[in-house]
Amino acid sequence: MAVLLVLSEWIAGAFAARVLHQGRIFETDPVLGWKNIPRLSTARRNPNGELWQIQINNQGFRGPDAWTPEASRRILVLGDSFAFGQGVNVQERFDAVLVRQRPAWSLVNLGIMGYGTDQEVMAGRRYYAGLQPGDALVLLTHWNDFYDVLRHSVSGRPKPWFELQEGVLTAHAPAIGWRSRIQDHSYLLARASALAERRAFSAEDWRLGLRLYQAIVSQEIKVLTARGVLVLIAYHGASMLGEPAEGEIRHMLQEVCPAGNPSKLNLDVFLDRAGGPLYFPAERHWNAKGHRIVGTALLEELDRLFARHEARGP
């Protein structure tokens, strides 16, 4: 029986990696729940049937793992699969658009597929010390982040989470056990865990998620602005929800960003008015054109942020 299980696992894993191009890319992380496997080199197939390459750096992220010393501006990007660039090569990603237009800037992108805002800021804290006054943090926010911050696991993988009681945030470490560690090496268990995890969210969950997101982000903003770091919250997907949810998101972000720093940018405005397909079918991630639209919008907003900062002076 054990031999059959091992053989089945090997066949399934090999088929996933070599035929479906869906091999494993994550490993367990005691703080973040999971991260990309450092120094991984693999390929996946997007919904258009095109292979896209994944190259992971020494720190477990996709792209540069440090800012260049001579950079005029350092920019830290936090986000989930949209920031990671799911479905496109890294040269097509929105931050590549920024660097091509502003080669004196240096960007570090910490986007990882499946992350919620709680995991994103925890990953970002490791890099805050490298940001100087006048540098910027870009937080990409999708509407599902307001649910993700409520989760204690995603696809069967435990994640860290915050609890908000009487205005006080308490962080909880991911509950990583033997199942998580086996899942690192078992394609069948990983797929079964992903399929088994289902949760229905209520309207009250939605509003709780909004409040929790607001508390988490406001806490990070306080730390960053005290260091003189500029913050840009670039949000998208709200237009898919319609009212009243879209209005609730706008109201919450207005409270988080009342006076320009931090700044907020509704990417839906740029995506909704652009012609041509901007998303992959079904999964709704940005294709290469969508990334170009987003990169251009972020470039314009960052230019404005940096110009206002320079006008104010030290």
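For the single chain, residues carry numbers from 1 onward in sequence order. Atoms considered below: every heavy atom in the structure, side chains included; atoms not considered: hydrogens, waters and symmetry mates.
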Does the side chain to side chain contact (heavy atoms under 4.5 Å, CB included) test come out yes or no for Arg157 and Thr28, once each step is laid out?
-> CA-CA 8 Å; Arg157 285 187 173 274; Thr28 296; 4.0 Å; yes
Side-chain contact, heavy-atom cut-off 4.5 Å: [X] with [Y]?
X: Leu110; Y: Tyr115; value: no
X: Phe61; Y: Val108; value: no
X: Gln53; Y: Val90; value: no
X: His291; Y: Glu92; value: no
X: Val138; Y: Val231; value: no
X: Leu267; Y: Leu140; value: yes
X: Ile221; Y: Leu224; value: no
X: Arg39; Y: Ile56; value: no

Please step through side chain to side chain contact (heavy atoms under 4.5 Å, CB included) for the pair Phe270 and Val294, ending with a clear verdict.
-> CA-CA 7 Å; Phe270 303 90; Val294 169; over 6 Å; no
Quick one: [atom1] on [X] to [atom2] on [Y], what's the gap to the nearest 0.5 Å?
X: Ser218; Y: Arg211; atom1: OG; atom2: CZ; result: 13.5 Å
X: Thr42; Y: Ile25; atom1: OG1; atom2: CD1; result: 8.5 Å
X: Met113; Y: Ser81; atom1: CE; atom2: OG; result: 7.5 Å

Side chains of [X] and [Y]: is there a donor and an acceptor less than 3.5 Å apart?
X: Ser41; Y: Gln55; answer: yes
X: Glu246; Y: Ser239; answer: no
X: Gln254; Y: Lys264; answer: yes

For [X], what residues pass the ring-ring contact (aromatic ring centres under 6.0 Å, His included) criterion, not counting sequence neighbours?
X: Phe306; answer: Trp105
X: His172; answer: Trp161
X: His142; answer: Phe82, His236
X: Phe146; answer: Trp206, Tyr213

Between [X] (side chain) and [Y] (backbone), is there a donor-acceptor pair under 3.5 Å?
X: Arg100; Y: Gln91; value: yes
X: Trp67; Y: Gly130; value: no
X: Arg93; Y: Phe84; value: yes
X: Arg62; Y: Ile54; value: no
X: Asn109; Y: Gly111; value: yes
X: Ser72; Y: Ala104; value: yes

What do the steps show when you test Ile233 against Val217 for side chain to side chain contact (heavy atoms under 4.5 Å, CB included), and what is the final call?
-> CA-CA 9 Å; Ile233 299 175; Val217 172; 3.7 Å; yes
Can we say [X] and [Y] salt-bridge, meaning some charged N sits less than 4.0 Å from an Asp/Glu carboxylate O?
X: Glu220; Y: Arg125; answer: yes
X: Arg126; Y: Asp29; answer: yes
X: Arg102; Y: Glu300; answer: no
X: Arg250; Y: Glu255; answer: no
X: Glu50; Y: Arg45; answer: no
X: Arg304; Y: Glu301; answer: yes

What's in the same ILVMFWY side-chain cluster as Val97, cut-off under 4.5 Å, chained through other members?
-> none
Please name the pair of heavy atoms, one in [X] and one in [Y], separated by the smallest distance, quoted to 0.1 Å.
X: Gln119; Y: Gly114; result: OE1-O, 4.0 Å
X: Leu150; Y: Asp205; result: CD1-O, 3.2 Å
X: Asp118; Y: Phe162; result: CB-CD1, 3.6 Å

Aromatic centroids of Tyr235 and Trp143 separated by under 6.0 Å = no
Output all residues satisfying side chain to side chain donor-acceptor pair (under 3.5 Å) with Asp80, sequence neighbours left out; order by chain, then residue number.
-> none
